[in-house]
**Q** 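Can you keep this structure in mind? I'll have questions shortly.
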Amino acid sequence: MRLHYCGHQGCRERLPISIRYCEKHKADNKPSDNFIQQQANRKYNQLVRDQEANSFYQSKQWQSMRDYVYARDMGICQICGEAITDRKIVDHIHPLKYSPDEKLDSNNLWTLCNRCHNIKTSLEVQIAESPNGTNKLKHIKSDWYKDKVMNLRNKDAK
């Protein structure tokens, strides 16, 4: 059996190669929330998101536009008004999948907190499944999303 030293700096306990930390140091070296989120994003990009969209979101053009919109919105969620402290989410008001011609239009982009983004995404899924839903998603205004998302947030708070 191949052995290696515990991954904790200075620890000399030998372990099987499949175990990274000894029992003493396992609790000290739990993955951070940021690391867990990165792994979830990587898995989503590989397994769920279509590859054309995935390559777009990795492009320099998108990253530059995302940074511009985030700065323009001053890191404030455009739906609830809260400062964004976790993830930098710049969202397409009209989803990329249904309005690819607006993919780099700053008027079609806004900064959202994680909670508002998740609610908006679930609304988009519901709308897409409704009759004429894909056409509706091309034309819904940001004010409509603001009202719907805030109503749903307020219902959750009660």
Side-chain angles (χ1 to χ4, degrees), residues 1-100 103-104 106 108-129 137 142 145-146 148-158:
M1 177 178 8
R2 293 182 51 196
L3 299 175
H4 72 105
Y5 289 110
C6 171
H8 188 81
Q9 189 173 5
C11 182
R12 305 301 291 166
E13 185 168 339
R14 308 258 307 157
L15 302 166
I17 205 82
S18 61
I19 299 174
R20 174 122 184 167
Y21 296 103
C22 68
E23 287 301 315
K24 180 178 175 184
H25 296 115
K26 190 184 285 185
D28 297 342
N29 292 286
K30 288 192 289 188
S32 67
D33 289 341
N34 189 34
F35 176 77
I36 292 168
Q37 184 63 53
Q38 287 173 344
Q39 295 300 318
N41 289 346
R42 184 173 293 129
K43 190 174 186 177
Y44 173 80
N45 287 342
Q46 291 171 347
L47 303 176
V48 178
R49 180 183 278 162
D50 71 83
Q51 290 310 302
E52 188 176 335
N54 196 28
S55 62
F56 167 71
Y57 286 120
Q58 303 303 317
S59 73
K60 293 282 185 200
Q61 288 177 311
W62 166 252
Q63 291 173 11
S64 177
M65 181 57 73
R66 179 198 61 203
D67 292 345
Y68 164 77
V69 171
Y70 188 80
R72 177 198 71 193
D73 295 346
M74 298 184 295
I76 303 293
C77 177
Q78 298 302 295
I79 291 179
C80 70
E82 294 177 10
I84 297 169
T85 57
D86 47 359
R87 292 178 47 214
K88 184 178 1 181
I89 298 175
V90 173
D91 177 71
H92 287 89
I93 298 166
H94 303 137
L96 175 64
K97 183 176 184 177
Y98 306 113
S99 295
K103 65 183 174 185
L104 291 171
S106 64
N108 185 44
L109 298 168
W110 58 354
T111 305
L112 300 179
C113 68
N114 198 37
R115 184 173 176 198
C116 288
H117 181 258
N118 289 342
I119 295 169
K120 179 185 175 277
T121 300
S122 68
L123 285 170
E124 289 171 345
V125 169
Q126 291 172 12
I127 294 166
E129 293 172 351
L137 287 169
S142 59
Y145 280 119
K146 286 179 186 179
K148 291 292 183 190
V149 171
M150 286 308 296
N151 285 339
L152 290 168
R153 282 184 64 133
N154 290 336
K155 283 182 184 176
D156 287 346
K158 292 179 182 179

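Everything quoted here is computed from the prediction, not taken from an experiment.
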**Q** With sequence neighbours excluded, what pairs up with H8 under the ring-ring contact (aromatic ring centres under 6.0 Å, His included) test?
**A**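 With sequence neighbours excluded, H8 shows a ring-ring contact (aromatic ring centres under 6.0 Å, His included) to H25, given in chain and number order.
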
**Q** Starting at CG of L15, measure out to CD of E23 and round the result to the nearest 0.5 Å.
**A**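 Those atoms lie 9.0 Å apart.
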
**Q** Using a cut-off of 6.0 Å, state whether more than 12 heavy atoms not belonging to K88 lie near its atom NZ.
**A**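 More than 12 within 6.0 Å, yes.
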
**Q** Applying side-chain contact (heavy atoms from CB on, under 4.5 Å), run through Y5 and E13 and close with a yes or a no.
**A** CA-CA 6 Å; Y5 289 110; E13 185 168 339; over 6 Å; no

**Q** Does NZ or CZ of K120 come closer than 6.0 Å to the centre of the six-membered ring of Y145, within 45° of the ring's axis?
**A**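 Yes - K120 lies over the ring of Y145, closer than 6.0 Å to its centre and within 45° of its axis.
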
**Q** Please check this pair: side chain of S55 against backbone of E52, looking for a donor-acceptor N/O pair closer than 3.5 Å.
**A**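 Yes; at least one donor-acceptor contact below 3.5 Å.
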
**Q** Kindly determine whether H92 and K103 satisfy side-chain contact (heavy atoms from CB on, under 4.5 Å), including the steps that lead there.
**A** CA-CA 7 Å; H92 287 89; K103 65 183 174 185; 4.2 Å; yes

**Q** Is any side-chain heavy atom of H4 less than 4.5 Å from a side-chain heavy atom of R14?
**A**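 With C-beta onward as the side chain, the pair stays apart.
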
**Q** Side-chain donor-acceptor contacts of residues 77-85 below 3.5 Å, not counting sequence neighbours, with atom names and distances?
**A**
| from | atom 1 | to | atom 2 | distance (Å) |
| --- | --- | --- | --- | --- |
| Q78 | NE2 | I76 | O | 2.8 |
| E82 | OE2 | R153 | NH2 | 3.1 |

**Q** Take S106 and Y68, measure what side-chain contact (heavy atoms from CB on, under 4.5 Å) needs, and give me the verdict at the end.
**A** CA-CA 9 Å; S106 64; Y68 164 77; 3.9 Å; yes

**Q** Parallel, tilted or perpendicular: which one describes the rings of W62 and F56, with boundaries at 30° and 60°?
**A**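 Plane angle between 30° and 60°, so tilted.
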
**Q** Please round to the nearest 0.5 Å and tell me the distance separating atom OG of S59 and atom CE of M65.
**A**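 S59 OG to M65 CE: 10.5 Å, rounded to 0.5 Å.
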
**Q** How about N114 and I89: do any of their side-chain heavy atoms sit closer than 4.5 Å?
**A**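 Counting from C-beta outward, N114 and I89 do come under 4.5 Å.
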
**Q** Is it the case that the side chain of D73 and the backbone of T111 share a donor-acceptor pair, with hydrogens and angles ignored and the cut-off at 3.5 Å?
**A**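 It does hold such a pair.
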
**Q** Other residues, nucleotides and ligands only: do more than 12 of their heavy atoms fall within 6.0 Å of CZ on R72?
**A**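 Enclosed.
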
**Q** How far apart are the C-alpha atoms of L123 and V149, what are their side-chain angles, what is the distance that settles it, and do they pass the side-chain contact (heavy atoms from CB on, under 4.5 Å) test?
**A** CA-CA 8 Å; L123 285 170; V149 171; 3.9 Å; yes

**Q** Look only at the side chain of T121 and the backbone of H117, and say whether a donor-acceptor pair between them is shorter than 3.5 Å.
**A**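 Judged by distance alone, yes, a pair lies under 3.5 Å.
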
**Q** Look up atom SG in C113 and atom CG in D91, then write down how far apart they are to the nearest 0.5 Å.
**A**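 These two atoms lie 11.0 Å from each other.
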
**Q** Could you grab the distance from atom CG of N151 to atom NZ of K148, nearest 0.5 Å is fine?
**A**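 Spacing of CG (N151) from NZ (K148) equals 7.0 Å.
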
**Q** More than 12 foreign heavy atoms under 6.0 Å from NZ of K146: is that the case here?
**A**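 For K146, atom NZ is crowded (more than 12 foreign heavy atoms under 6.0 Å).
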
**Q** Look at the side chain of S99 and the backbone N and O of L96, then say whether any donor-acceptor pair between them is shorter than 3.5 Å.
**A**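 No, because the side chain of S99 does not come within donor-acceptor range (under 3.5 Å) of the backbone of L96.
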
**Q** State yes or no: are the ring centers of H94 and W110 separated by less than 6.0 Å?
**A**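 Ring centres of W110 and H94 not closer than 6.0 Å.
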
**Q** Give the minimum heavy-atom separation between A128 and Y98, together with the two atoms involved.
**A**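 Of all heavy-atom pairs spanning A128 and Y98, the closest is CB-OH, 3.6 Å.
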
